[in-house]
Each structure stands twice: as structure tokens, then as C-alpha cells.
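Working notes, beginning with the structure itself.
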Amino acid sequence: QVKVVESGGGLVQAGGSLRLSCQSFGLPFDDYALAWFRRAPGKEREEVSCISFTGRNTHYDESVKGRFTVSRDNDKNALYLQMNNLKPEDTAMYYCAAVTRSECKTTLRGLHVMSPWGQGTQVTVSS
């Protein structure tokens with residue numbers, strides 16, 4: 001059964017850090033570009049960051065640029081998101097996804113999700 005499992009969320013104060021992890025089961029991440037999404041209460045799911053198939057290209061939403069860093073470890077079939085200087089507006093459920101291999105070369109937008117959605121991991125930032 002193909003699935004992705006996100007972990008690493010929690011409750012932190014503004015200015016704090018968290019490192020999210022995503023593990024894939026039954027889906028080899030090295031065949032895909034990868035991405036992080038988030039859904040805040042009352043809002044639609046939005047793209048946060050992506051990393052290309054080769055790992056050479058990364059893209060971020062303007063709201064997290066300079067604070068978040070995405071990375072991947074194909075040997076471990078894993079995706080990570082280091083989040084620093086967290087803000088209350090970062091509060092959301094965070095999800096990872098495999099996206100089309102050719103995507104995330106020039107833009108974060110228009111990604112086509114190729115993996116099932118996981119349960120997500122909740123990030124809550126208090127002011």
C-alpha cells in the first residue's frame with residue numbers, strides 16, 4: 001500500500017524552530033519531485049516549498065522564503081522541511097507529496113500531486 005507519513009510538528013513559540021519529516025512507503029521518492037503543502041484553518045491547501053527531482057532546484061512561497069529549507073534524502077526515501085523563525089501565521093496542518101518528476105524546476109506553482117495525501121502533521125505557533 002502506497003502512503004506517506006508526515007511527522008515532526010508540534011507547538012512552539014514564535015521565533016522557534018521545527019523540523020518536519022516525511023517518509024514514503026511503497027513509493028520511491030527518487031522518481032519524483034517533492035513538495036510540502038499546508039492548510040491553515042478556514043483556508044485552502046497551499047504550496048509551501050518544493051524540491052526538484054535532482055535536488056538542484058528548490059522553491060518557496062514568499063511567506064516562508066529565508067526561514068524554511070527543504071531537503072531530500074533519496075536513500076532514506078524521505079523529505080524534510082527545516083522551519084526557523086516560526087510565526088503565528090505558519091500555524092497549519094503540513095502535508096508532503098510526490099509531484100510530477102519534471103516539475104519544480106522553475107516554479108512552485110501548478111504542481112501535480114502523484115501520491116496519496118497523508119494525515120499531515122500539525123504545526124502550531126503561539127505568539
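- T100 contributes no side-chain N or O that, together with a main-chain N or O of S102, makes up a donor-acceptor pair within less than 3.5 Å.
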Item to complete: Assess whether side chain to side chain contact (heavy atoms under 4.5 Å, CB included) is satisfied between Q82 and S17, documenting all intermediate values.
Response: CA-CA 8 Å; Q82 178 66 42; S17 297; 4.0 Å; yes

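- Checking side-chain atoms of D73 against main-chain N and O of K76 turns up a donor-acceptor pair under 3.5 Å.
- The CD atom of E103 sits 8.5 Å away from the SG atom of C50 when rounded to the nearest 0.5 Å.
- A donor-acceptor contact shorter than 3.5 Å is absent between the side chain of D30 and the backbone of N74.
- Remark: R101 fails to qualify as a cation-pi partner of Y32 under the 6.0 Å distance and 45° angle criteria applied to the six-membered ring.
- We find the CD-OH distance between E6 and Y95 to be 8.0 Å, quoted to the nearest 0.5 Å.
- Between V48 and Y60 the shortest side-chain heavy-atom distance does not fall below 4.5 Å.
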Fill in: Derivation and outcome, side chain to side chain contact (heavy atoms under 4.5 Å, CB included), residues V125 and K87
CA-CA 6 Å; V125 185; K87 303 177 179 181; 5.5 Å; no

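- For the pair K3 and F25, the cation-pi criterion (under 6.0 Å, within 45° of the ring axis) is fulfilled.
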Discussion item. Let's go through F68 and N84 carefully: what are the C-alpha distance in whole Å and the side-chain angles of both, what is the deciding distance for side chain to side chain contact (heavy atoms under 4.5 Å, CB included) to 0.1 Å, and is it a yes or a no?
Written reply: CA-CA 6 Å; F68 289 13; N84 297 328; over 6 Å; no

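- R38 places no side-chain N or O within donor-acceptor distance of the main-chain N or O of A92, the cut-off being under 3.5 Å.
- Exactly one of S127, S126, P88 qualifies for a side-chain contact (heavy atoms from CB on, under 4.5 Å) with Q13. That residue is S126.
- T124 places no side-chain N or O within donor-acceptor distance of the main-chain N or O of T91, the cut-off being under 3.5 Å.
- Remark: R72 fails to qualify as a cation-pi partner of Y80 under the 6.0 Å distance and 45° angle criteria applied to the six-membered ring.
- Considering L79, N57, V99 as possible partners of I51, the one that fulfils the side-chain contact (heavy atoms from CB on, under 4.5 Å) test is L79.
- Side-chain atoms of E47 do not come within 3.5 Å of backbone N or O of F37 as any donor-acceptor pair.
- Atom CZ of F29 sits about 6.0 Å away from atom CG of N77, to the nearest 0.5 Å.
- The shortest non-hydrogen separation linking G9 to L20 is N-CD2, 3.6 Å.
- Within a 6.0 Å sphere centred on CD of E89, heavy atoms belonging to other residues, nucleotides or ligands number more than 12.
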Worksheet entry | Steps toward side chain to side chain contact (heavy atoms under 4.5 Å, CB included) verdict (L81, T69) | CA-CA 6 Å; L81 187 68; T69 302; over 6 Å; no

